[in-house]
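Here is the structure we will look at.
Index from 1, following the sequence.
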Amino acid sequence: MTWQNYLNAWKNADLSDEWRSELKRVEHEQERFEGYLTFGTGGMRGKMGLGSNRINLFTIRRVASGLGEYVAANGGKEKGVAIFYDSRNNSDVFAAETAKVLSALGIRVYLSDTIRPTPALSFCVRETKSFAGVVITASHNPSIYNGFKVYDENGCQITLGAAQEITSYLNKITDIFRIPVRELPNLLVTTIGKEMDDAYLQALTKVISRPELVADYGNELGICYTPLHGAGKELVMRGLAENGFSNTLLVQEQSEPDGDFPTVVSPNPEEENSFELAKLQAQKMQADIILATDPDADRLGVAVLTNQNEYQILTGNQLGALLLDYILSAKEFVTKEDTMINTIVTGDLGGKIASQFGIRHVQTLTGFKFIGEKIAEMEGTQANFIFGYEESYGYLIAPFVRDKDAVQAALLTAEMALFYKKEGTTLLGKLTSLYEQFGYHKEYLHTITLENNDGAAKMNQMIDTLRKEPHFLPEIVAVEDFLTSERTNLLTKEITNIELPQENVLKFYLKDKSWFAVRPSGTEPKCKIYFQTIAETEENAEKAMNDLKERVLAVWD
């Protein structure tokens, strides 16, 4: 079908006067009608608005119908589907429409009565023994985005096989404007309320490593927290307070849900500007740490008070390594069956810490769904999951959730900061000691945005060129190609297999133990290039990073 076919379908639909007026205003915008948004293992994500290539009432009904057919075909109607949503504009409406479509297909539904974090959805799926889960969110994307994220019965993001099966049902839908709905309330839809929060918070106590420390001294740690207008406030604040951290100040200007995210450029704790208001508030109270969660509260950002009375933001790699070291140091016994999981683009420091403690270190492809899958595979074996993380601010401590969980990470980070405060240091001081032991690790992420029509084609062409010419820098000694599942030693010409699913990612290793990886984003029109350098001093690591970035990025000019 051409974009004109999709446009004509909208023109011929029985639309309200408001929709029809909007259609007339945007009908010349071809990109809005170029097919449907792609559905994959991360579900569906895109800009909101009118058109087949947008998130709106009708495209949400379409994907809900495809999911419903999948649930019914696999015997999941009685087990049902849990549906949560975050603070984004229209998230509550899209959640309700999903419930209407699924219940019209005879599927039991558990529908949240208010905004809740994505990890709470993962928990709810497991708690209610649902067949699947849905959360309406676009994570940390700007306010014009929304999405439809699907989880399996383990509370983990769906696999590629499940996504392909759902897509097969989506492809059979010929008219998105005539999808049946069953109005709410109805007997198939059960409301999920505070009782699920209470159950989650009861499970959250498993995250604490040193309960006596927190019980005796928790009020001595000053915490400043911002939910960035998202869904994290209730569970993060209760999680801290109910576990002994009473000295927590909320950033009031960002405390209430607001899908426009008016106080930030982007509600992403990976970006420094999202901490600006929190820093001002934290300095007034001299808070030891700042905690920031994204709109669906699955990512956590942390900033630490320095000796210069400023706040330094930790990277995802840094906080992940600190949390891993703290967990292992607090354990009375560590065994070789204890397992840490991270991804192929996560920094190497965590792996070195795992090796020092003698535990298993497993790597997956990028995306927390792969970490969740590994946890599921470990069930019934001797392996014992103790921590999982990725560089993009995602962490999981206790597997009662099977996705990254900022509520868990906020609580353990507070405990860790308290422990080091009582030891006379800070998270930054501990990080320095880790660098002194294992080398100064410097990481950097460069993102290339591809908004124009031929952007994706150019990106794939460049990656294919790098695949064919892996020695474009003379220092490169090995290449991992995750599309062909091969690791090539360029010095010996030896080729070994990579035991991971296929993905269009290239990772290049240099003589000095530095590396960089090139990966197209799975959810956004972007290409991401990850860098790591290691040196005996921070200055040398920074110098090596600047040099590596300059030479690699020159290839993309």
Side-chain angles (χ1 to χ4, degrees), residues 42 86 117-119 122 137-142 149 157 207 223-232 235-236 239 254 261 264-276 278-279 289-304 311-324 326 340-347 349-350 364 366-372 387-397 401 403-414 416-417 427-428 431 441-447 519 521-524 526 528 530-532:
D86 69 4
T118 288
S122 176
T137 179
S139 188
H140 56 292
N141 285 71
K149 203 171 183 180
Q157 292 179 48
V207 169
I223 304 170
C224 180
Y225 168 57
T226 174
L228 297 177
H229 304 290
L235 288 185
V236 171
Q254 297 173 330
F261 309 114
V264 292
V265 177
S266 178
N268 184 358
E270 294 180 84
E271 297 182 8
E272 188 170 353
N273 72 77
S274 66
F275 281 84
E276 288 181 1
K279 285 180 178 179
I289 58 172
I290 299 172
L291 304 175
T293 53
D294 66 341
D296 65 327
D298 62 353
R299 298 172 190 252
L300 176 73
V302 176
V304 183
Y311 285 91
Q312 180 175 327
I313 300 170
L314 296 175
T315 68
N317 283 306
Q318 291 171 337
L319 182 59
L322 283 165
L323 287 168
L324 174 64
Y326 180 75
M340 181 273 285
I341 310 173
N342 61 14
T343 73
I344 59 173
V345 296
T346 304
L349 182 57
T364 71
T366 308
F368 227 90
K369 57 181 171 288
F370 296 111
I371 295 177
F387 186 55
Y389 75 106
E390 57 185 2
E391 51 77 35
S392 56
Y393 288 48
Y395 320 93
L396 180 65
I397 298 99
V401 165
D403 201 355
K404 51 187 175 286
D405 188 341
V407 185
Q408 289 191 28
L411 180 58
L412 188 63
T413 297
M416 178 172 62
L427 296 180
L428 294 173
L431 182 63
H441 291 59
K442 186 69 64 174
E443 298 93 9
Y444 179 78
L445 171 63
H446 181 81
T447 301
R519 170 183 167 264
S521 173
T523 57
E524 304 168 87
K526 297 177 179 180
K528 297 183 178 182
Y530 305 80
F531 297 88
Q532 179 187 267

Exercise for review: Run the salt-bridge test on K279 and E272 with the 4.0 Å N-O cut-off and return the result as yes or no.
Suggested key: yes
Could you list the residues that satisfy ring pair (Phe, Tyr, Trp, His ring centres under 6.0 Å) with [X], not counting sequence neighbours?
| X | answer |
| --- | --- |
| Y389 | F387 |
| F531 | none |
| F370 | none |

Check your understanding: Who pairs with S274 by side chain to side chain contact (heavy atoms under 4.5 Å, CB included), at least two apart in sequence or on another chain?
Key -> L228, V264
Practice item. Could you pull out all residues at least two apart from S122 that satisfy side chain to side chain contact (heavy atoms under 4.5 Å, CB included)? Key: V401, R402
Within the 4.5 Å heavy-atom criterion, are [X] and [Y] side-chain neighbours or not?
| X | Y | result |
| --- | --- | --- |
| Q157 | D403 | yes |
| L319 | M416 | yes |
| N268 | N141 | no |
| L300 | L291 | yes |
| D294 | S139 | yes |
| E270 | R299 | yes |

**Study point:** Trace of the side-chain contact (heavy atoms from CB on, under 4.5 Å) decision for V304 with Y311
**Key:** CA-CA 5 Å; V304 183; Y311 285 91; 5.8 Å; no
Exercise for review: Decide yes or no on side-chain contact (heavy atoms from CB on, under 4.5 Å) for D405 and V207, but give the supporting numbers first.
Suggested key: CA-CA 11 Å; D405 188 341; V207 169; over 6 Å; no
Practice item. Decide side chain to side chain donor-acceptor pair (under 3.5 Å) for T118 and D296; before the verdict, give the C-alpha distance in whole Å, the side-chain angles of both, and the deciding distance to 0.1 Å. Key: CA-CA 5 Å; T118 288; D296 65 327; 2.6 Å; yes
Under the salt bridge (charged side-chain N to carboxylate O under 4.0 Å, His left out) test, which residues partner [X], sequence neighbours left out?
| X | value |
| --- | --- |
| K369 | none |
| D86 | R88 |
| E276 | none |

Kindly write out the residues that satisfy side-chain hydrogen bond (donor to acceptor under 3.5 Å, both in side chains) with [X], not counting sequence neighbours, or none if the list is empty.
| X | result |
| --- | --- |
| E443 | none |
| Q254 | T226, T263 |
| K404 | none |
| T343 | T346 |

Point to revise | Q318 side chain vs T315 backbone, donor-acceptor pair below 3.5 Å | key: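 Checking the backbone N and O of T315 against the side chain of Q318, a donor-acceptor pair under 3.5 Å is found.
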Point to revise | Name of the residue among L324, N342, D298, L323 meeting side-chain contact (heavy atoms from CB on, under 4.5 Å) with Y395 | key: L323
